[in-house]
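What follows is a set of notes on a single structure, which appears directly below.
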Amino acid sequence: LMLNPESLTATAAYTSSSYSDSTSSKAIKAGTTIYISKTAGSLTLTSSRDDTLHCNRHILIEGGTITASAGDDGIHSVSGLQINGGVITITKSYEGLESGDITINGGIISITSSDDGLNAAGGNNNANTSGNFGPGGDYFNPKDDTLSDSANYQIIINGGTLTVDA
């Protein structure tokens, strides 16, 4: 999923009568890759019950202005999250950024969370779908489907400005 909007607002529809444990109530969800380009405009994402931006593999954010309010994770990817630029403001979340690997190379990031601001834990506590993110963010391969049960989760911060209120 490539996002390069001038302006996008996504609000997850949730009513208690329509919700079950198998119902997804994420504002934006993709299976393999979410890519937000350098030229992206503003994204306003809201989910009162779940993640606002969710991907089952990799998320790469190059730019844009993202404002998110989440009932669960502000931005969640199972495998890898790489932020190279942009302005990200997570006004409400359980965990601000969650992924197996988190690499921040640039951008201005402000997170308000009730638990962890950044959580390198993957999609669950047992396995990590490992991405190829190196220091400096030189390599991004959303097609790497290698499964690993190792606990090699990591957070790498090479640049940018990060403010966390957890």
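In this structure, Ser99 contributes its side chain and Ser77 its backbone to a donor-acceptor pair below 3.5 Å. A donor-acceptor contact shorter than 3.5 Å is absent between the side chain of Thr46 and the backbone of Ala70. For Ser93 (side chain) and Thr112 (main-chain N/O), a donor-acceptor pair under 3.5 Å exists by modelled atom type. Checking side-chain atoms of Thr52 against main-chain N and O of Gly74 turns up a donor-acceptor pair under 3.5 Å. Under the 3.5 Å distance criterion, the side-chain polar atoms of Asp51 are matched with a main-chain donor or acceptor of Asp73. Side chain of Ser47 to backbone of Ser25: a donor-acceptor contact under 3.5 angstrom is found. Remark: side-chain polar atoms of Ser113 are paired, donor with acceptor, to backbone N or O of Asp116 under 3.5 angstrom.
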Derivation and outcome, side-chain contact (heavy atoms from CB on, under 4.5 Å), residues Leu60 and Asn84: CA-CA 8 Å; Leu60 174 59; Asn84 294 334; 3.6 Å; yes
From CA spacing to verdict: side-chain contact (heavy atoms from CB on, under 4.5 Å), Thr33, Arg57: CA-CA 6 Å; Thr33 304; Arg57 294 263 190 311; 5.5 Å; no
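With sequence neighbours left out, the side-chain hydrogen bond (donor to acceptor under 3.5 Å, both in side chains) criterion links Asn4 to Ser37, Thr39.
In this structure, Ile34 CD1 and Leu53 CG are separated by 4.0 Å, a value rounded to the nearest 0.5 Å. Between Ile61 atom CD1 and Ile109 atom CD1 the span is 8.0 Å, to the nearest 0.5 Å. Note that CG of Leu45 and OG1 of Thr91 are 10.5 Å apart. Values are rounded to the nearest 0.5 Å. Remark: Leu1 CG to Ile36 CD1 distance equals 8.5 Å, nearest 0.5 Å. Atom-to-atom distance recorded for Leu81:CG and His58:NE2 is 10.5 Å, nearest 0.5 angstrom. One finds the CD1 atom of Ile75 at 12.0 Å from the SG atom of Cys55 (value rounded to the nearest 0.5 Å).
Hydrophobic clustering (ILVMFWY, side-chain heavy atoms < 4.5 Å, transitive): Leu43 and Val87 are in distinct clusters.
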